[in-house]
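All of these numbers come straight from a predicted model, not from anything done at the bench.
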Amino acid sequence: MSTSQQTPFPDLPNIGIKFPHSPITIAAFAYSKEHTSEATYNHCVRAAYWALILAKKLPNFANSPAPLNLETVVLANILHDMGWATTKELVSKDKRFEVDGANLANAFVKKYVKDGGEGAEIWKNDEHRAQIIWDAIALHTTDSLALNHPAPEVALAHMGIMVDFAGPQFPPGNGATISEAEYREVVKHFPFAGFGTEGLKQIMCGLCREKPQTTYDNFVARFGLAFGLDGKGGGKEEFKATMEEKNPLWGLLEGLGYLEKLLEKEA
């Protein structure tokens, strides 16, 4: 059987989408299914479909002077939330979930190449593509960085992920880039399976509870501040107090204050 016959990613002719089938993306999906929840891996695959739709619709991608590597985008999207792995030994205790995901994706690609997976020779000596995947995953929650990355694949992967939180309302304030028909067609094949407001709160508050030091400087902390450590308000004040204590602002100002006094002594 050909790769396209074996693929878990259906083409969607009703909305004009042909998925870029490849053995490594199929293997990545199997890896994601093994180590994350259905809600997570369906979210990741939907993000890949949204990226493919955006690549056709948005002029900066559709008319790009250099052709986009859509396999790279799809692979980044499929693996982008490995930092939410239910196999806890895969994730770190001291790194942001985005970095965990980027590191796991990098390790996955290296193992795929080492094991001689089908088509692995394409990736064997292409450190640039591997770096793009790492960057796309590590930066996927930070639009001010992802959207200004020199590789357009990083921006496209980020936007595909963001569509899964807005659907036909993407981009916020304008909307209509993704039609309701397109949205329903993709979700029909890869349903929410619990990926909603409560599901997201549980994931993010779990990060605030299990490795809070990785959340203080980014958006994840806002979940802890709003919903506590259990998603229902428990531990909210404790989290807020510790976050304020660890605020990097104080360290920066204290350090500069020390240096100013040091220089005054020399003068």
Side-chain angles (χ1 to χ4, degrees), residues 1-11 19-52 69-93 95-141 153-154 156-158 160-161 164 186 189-195 199-200 203 206-207 210-211:
M1 294 177 71
S2 69
T3 297
S4 61
Q5 290 174 314
Q6 297 171 336
T7 181
F9 312 117
D11 294 333
F19 204 90
H21 308 292
S22 72
I24 194 170
T25 55
I26 294 171
F29 184 52
Y31 177 66
S32 178
K33 287 186 73 173
E34 181 181 358
H35 297 294
T36 67
S37 69
E38 183 181 5
T40 296
Y41 62 71
N42 276 3
H43 156 63
C44 292
V45 175
R46 288 195 304 270
Y49 277 93
W50 306 138
L52 294 173
N69 192 310
L70 291 177
E71 182 186 49
T72 300
V73 175
V74 165
L75 190 56
N77 280 139
I78 290 171
L79 295 174
H80 83 266
D81 273 335
M82 285 304 301
W84 293 353
T86 52
T87 307
K88 292 303 181 182
E89 52 266 32
L90 288 181
V91 298
S92 73
K93 297 183 184 300
K95 296 179 182 65
R96 286 176 56 158
F97 81 87
E98 303 98 326
V99 175
D100 277 340
N103 288 343
L104 287 167
N106 186 265
F108 168 82
V109 171
K110 287 182 176 179
K111 186 176 187 303
Y112 189 85
V113 170
K114 182 180 178 181
D115 292 347
E118 186 179 350
E121 63 277 1
I122 299 172
W123 294 85
K124 188 173 184 179
N125 298 310
D126 198 341
E127 288 294 325
H128 178 64
R129 287 180 76 184
Q131 185 64 55
I132 288 175
I133 288 174
W134 195 97
D135 290 356
I137 296 175
L139 301 177
H140 81 263
T141 62
E153 290 86 356
V154 173
L156 181 56
H158 162 78
I161 294 162
D164 211 44
V186 172
H189 290 277
F190 296 93
F192 263 35
F195 186 83
L200 184 64
I203 291 171
L207 291 169
E210 294 168 10
K211 45 181 186 178

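Nearest heavy-atom pair, Met82 versus Gly101, reported as atom, atom and distance to 0.1 Å: CB-CA, 4.1 Å. Here the shortest heavy-atom pairing between Ala39 and Ala193 reads CB-O, 3.4 Å. Scanning both residues, Val91 and Gly83, for their nearest heavy atoms gives CG1-O, 3.8 Å. Scanning all heavy atoms of the two residues, the minimum distance from Ile203 to Thr40 falls at CD1-OG1, 4.4 Å. For the pair Arg46 and Pro191, the tightest heavy-atom approach, listed with the atom from each and the gap, is NH1-O, 3.1 Å. Closest approach of Val73 to Ala51, counting heavy atoms only: CG1-CB, 3.8 Å.
Taking NE2 of His43 as the reference point, atom CG of Asp81 lies at 4.5 Å (rounded to 0.5 Å). Rounding to the nearest 0.5 Å gives a distance of 10.0 Å between CG of Leu104 and OG1 of Thr87. With rounding to the nearest 0.5 Å, the separation of CZ in Phe195 from CG in Asn42 is 10.0 Å. Between the CG atom of Asp11 and the OH atom of Tyr49 there is a distance of 7.0 Å, given to the nearest 0.5 Å. In this structure, OH on Tyr31 lies 12.5 Å from CD1 on Ile24, to the nearest 0.5 angstrom. The line from OG of Ser22 to CG of Leu75 is 7.0 Å long, rounded to the nearest 0.5 Å.
No side-chain heavy atom of Glu38 sits less than 4.5 Å from a side-chain heavy atom of Phe190. Counting heavy atoms from C-beta on, the side chains of Leu52 and Pro20 come closer than 4.5 Å.
More than 12 non-hydrogen atoms from other residues, nucleotides or ligands lie less than 6.0 angstrom from NE2 of His189.
Residues His140 and Asn77 have side chains that never bring a donor and an acceptor to within less than 3.5 angstrom of each other. In this model, no donor atom of one side chain and acceptor atom of the other lie less than 3.5 Å apart for Trp84 and Asp100. Using modelled atom types, one finds no donor on one side chain facing an acceptor on the other under 3.5 Å when comparing His158 with His80.
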*asked:* Phe97 vs Thr141, test: side chain to side chain contact (heavy atoms under 4.5 Å, CB included). Steps then yes/no.
replied: CA-CA 10 Å; Phe97 81 87; Thr141 62; 3.9 Å; yes
*asked:* Apply side chain to side chain contact (heavy atoms under 4.5 Å, CB included) to residues Ile133 and Leu79 and explain how you reach the verdict.
replied: CA-CA 9 Å; Ile133 288 174; Leu79 295 174; 5.6 Å; no
*Between Leu70 and Leu156, does a side chain to side chain contact (heavy atoms under 4.5 Å, CB included) hold up when you go through it step by step?*
CA-CA 9 Å; Leu70 291 177; Leu156 181 56; 4.1 Å; yes
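No donor-acceptor pair closer than 3.5 Å links the side chain of Tyr41 to the backbone N or O of Ile78. Judged purely by atom type and a 3.5 angstrom limit, Thr86 uses its side chain to pair as donor or acceptor with the backbone of His35. Counting only distance, with no hydrogens or angles, the side chain of Lys211 and the backbone of Lys95 share a donor-acceptor pair below 3.5 Å.
With salt bridges taken as basic N to acidic carboxylate O contacts below 4.0 Å, one links Arg129 and Glu71.
Ring orientation note: the planes of Phe19 and His21 are tilted relative to one another, at an angle of 30° to 60°. Ring orientation note: the planes of Phe29 and Phe9 are tilted relative to one another, at an angle of 30° to 60°.
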